Structures are given as structure tokens and as C-alpha cells.
Amino acid sequence: MSNNYIDPFQQAHIERLVAQFGSPLVIVDCERVRSQYRSHAKALPGVELHYALKPLPHPAVVRAVLDCGGSLDLATTGEVQLAQRLGADPRHSIHTHPIKRDKDIRNALAGGVRVFVADNPDEVRKFRRYRNEAELLLRVSFRSPGVVSDLSRKFGCDPESALELARLAASLGIPLRGFSFHVGSQALDARKHVEAIEVCARLLAAARREKLGKLDTLDIGGGFPIAYGDAVPDIGRFCAPIRKALKLLPKRIRVIAEPGRYIAGPAAIAVSAVMGRAQRGGFWWYYLDDGVYGSYSGQLYDHARYPIRALRQGPLHASVLAGPTCDSIDVIAEDVRLPKLKEGDLVVGSAMGAYTWATASEFNFFPKPTVVSVNETPGDTGTVLEV
Ligand SMILES: *Cc1c(COP(=O)(O)O)cnc(C)c1O
């Protein structure tokens, strides 16, 4: 950590940043991005970390990951272009969207990306014409009804058909690098990761026996959890069974993980201001300039509940926090204990880096919050970048 580090989540800095940049604000602490990256790397030694841009595709976050020696997980042409603009080495990036248009493949190839993901025969066939430039990982599905967002319902082939798909790729002359999976986001424990690693270890060995390709890569996806209200195991403990399972892999396998939430989530807070208030049904209702159509959109899309506090001190009352739009669904919290707030008072949501600003809309013409990054370089007290 540099000597010039300031903690932008402290009250004085929150107030300074809102005075400078207005509200609503999302404050990203690049030092926290780097420290999340380092903790993750320490928890999975020897595993290449590819930050998945989707939870917070912001240049300051991407640069902080690259600064730490991290790589990128890209899924769309927009993400490929952002990585290109920031000078990321495309040979270290992977493209992990299992379903792509031909132009998405071409854009990624033009940007220098080589490794792609496919999960079905039609998608594999799309790579026949690119077999001299592109290499494939085959995504395998492991259902996780327990996780908050089960991504294996929408993507991935059954483990039983993965070898058949590998044979198809090999028969078309498409270089096959290995298998990938994503057990779903915010996993509560590592059991699914372990099960998936065990199955993929067998698939790699079987595909190698049939000489279906180089088969030197396993991509274990994301899903690494962060604490919102309730405690979750720290990353070292969470990954302990994963470290053990990875020892079962055949020799000389390159292992990749694609953390998104874990890197970005704890690295940002969302700050909004009270626009007005009213007493309704015995409660104070406070209307903020950010809500579920803004950075609190994660409450709907990501099923998250963020710890929320006001900067003002005082006796607490059961209160309601609402967003700014005219829609009745735009209520952030009905059950929150807050001091009596006034117009202009600031309210802070924590752990709001992942799947928050990224999924915000401009419904009712309320603009998305401004993102200000701090500590990108030593002495950086707050910068608003073009996104
Ligand atoms: C969204 C996504 C990730 C990131 O997942 P987290 O649970 O946020 O770590 C990684 N890989 C792929 C393919 C994704 O779609």
C-alpha cells in the first residue's frame, strides 16, 4: 500500500467526494481492488486469475487488476474493446460467452483474443472457419440450486455429452484446450467447485487418451463469495477444498479462475443523497437520488441486500428508503433503522461494486451514478473517467 493511501470510505472523504463530484456517486477504491486480487491469488496459488468484467466494467478496476499482473475474462465485443483501449495483452484474455454471433468472434480475434468458450455443437461449428486462429474451452454444466445465481441452467453441456462435443471439435480440426465451468455466483461453499473439478479432471484425462487436442487448461469460473450482511468464509478458507481438488488434475494443467464479484464487490460503496422525505403510515420515508433502477438494481437482478447506513448520527427510527423514480417498485429498504434525516443527507450502501452500477438504468431520466475512482495511482484523491 502506498504512503499516499487515503481511505475513501471514511466519512470525511465521502463528503469531500460528493462536494466535488455530486451525488449519486459510486466510489471505487482501487487499493481495495488490488487487495482483493492479492487475497484471491494467495488463496489459489498457481491459478491464473482472469477478472470477469461483467460485475463492474470500469477502466480503473480493469487497470488495477492488470497492475497486479491479473488477466481478463471478456464476454462481449464491448468488453473486448474496453480491454483493448486499456492496452491489456489480448493473448492473456479469454472470451467466455458460450453463445456468440460471428461478428463477436471476429471482433475478439481482431483484438488478438485466441481462447473462446463453446457449449454445444452449433457453437463449436462456428469455429471451423477460425480453426487456425481460435482455440476452445468446452463449458460443462453443473447445476447448483443452492447458489444465489445458478448460471448452469442457462449455459453449459451435460458432463455426459462433453466428450462427444470434444470429439466434434477435434473432428473439425479446432484446437481444444480444455474445459470450463461456472457453478453460479455467490456460492455458499466450495462443494460444487470440487465436484466440477473432479468431473473435469476425468474429462481431461479421457479426452487426452483419445488425443482430441492439447487439453492443457481447466477454467474453474467464478462464484467466489463476499460478505453482504451475513458472514461468509474468507477466501482462503473457501478455497481450501478447491486447492485440494486441483491436486487431482493430470500433470501440466494450466488452471484459470474468473472471479468477478470477489474482486469488485467490496471495492466500492454507493453514496446517495436524500431528495425529500414524507411521513407515511407512521414511518419516515426518505427519497434518495439512487434506487433500484440505479445502483441498487442488484437488489432485483442479483438478489443482493446491501448494508446501508446514514452518515448522520442520532437516535434510530424504523424508516423506509426509496429510490427517486415514480415507480412503486423503487423501494430500497422498508425495514431500516435510521436517524431522522434531512434533505441532502448522505446514505451509504456498502459492498456495492459488483452487479450494481453495471446493471443500472436511466429510467425516468435519472442518470446512472457517477463513478469516481480513488487510489488508482499514489496520491489519486478521486478521478472520474470516461466509461
Ligand atoms: C459472470 C461471470 C463470471 C463472474 O462470476 P462471479 O460469480 O461474479 O465471480 C465469471 N465467468 C463467467 C463466464 C461469467 O459469466
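Remember, it's 1-based here, ligands and their atoms both numbered in the order they're listed. Because the structure is predicted, anything quoted here is derived from the model rather than measured. By convention here, the first residue in the shown sequence is residue 1.
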Under 4.0 Å from a heavy atom of R261: give me the atoms of ligand 1 that qualify, with their elements.
6 (P), 8 (O), 9 (O)
Proximity of E258 to ligand 1 by residue part, where a heavy atom lies under 4.0 Å:
both
Give a yes or no on whether a salt bridge exists between K342 and D345, defined as a side-chain N under 4.0 angstrom from a carboxylate O.
no
Hey, which atoms in ligand 1 end up nearer than 4.0 Å to a heavy atom of A52?
3 (C), 4 (C), 10 (C)
Counting both backbone and side chain atoms, is some N or O of G260 under 3.5 Å from an N or O of ligand 1?
yes
Could you tell me, atom by atom, which parts of ligand 1 come under 4.0 Å of a heavy atom of G223?
6 (P), 7 (O), 9 (O)
Using non-hydrogen atoms of the residue, decide whether P259 is closer than 4.0 angstrom to ligand 1.
yes
Provide the number and element of each atom of ligand 1 under 4.0 Å from a heavy atom of S185.
6 (P), 7 (O), 8 (O)
Just by distance, with hydrogens left out, do Y293 and N364 show a side-chain donor and acceptor under 3.5 Å apart?
no
Determine the interplanar angle of the F127 and F116 rings, folded into 0 to 90°, and report it as parallel if under 30°, tilted if 30 to 60°, perpendicular if over 60°.
tilted
Using a strict 4.0 Å cut-off to heavy atoms of D73, name the atoms of ligand 1 that fall inside it.
10 (C), 11 (N), 12 (C)
Closer than 4.0 Å to some heavy atom of K54 - which atoms of ligand 1 meet that?
1 (C), 2 (C), 3 (C), 14 (C), 15 (O)
Taking atom types as modelled, is there a side-chain donor on D330 or Y287 under 3.5 Å from an acceptor on the other?
no
Are E31 and R38 within salt-bridge range, i.e. N to O under 4.0 Å?
yes
Could you check whether D230 pairs with R305 (Lys NZ or Arg NE/NH1/NH2 to Asp/Glu carboxylate O, under 4.0 Å)?
no
Does ligand 1 have an atom under 4.0 Å from some heavy atom of R139?
yes
N or O contact, Y355 vs ligand 1, cut-off under 3.5 Å
yes
R101 and D104 ion-paired at < 4.0 Å
yes
Ligand 1 to H182 polar contact by distance, N or O atoms, under 3.5 Å
yes
Following the transitive rule for hydrophobic clusters with a side-chain heavy-atom cut-off under 4.5 Å over Ile, Leu, Val, Met, Phe, Trp and Tyr, establish whether L385 and V28 coincide in one cluster.
no
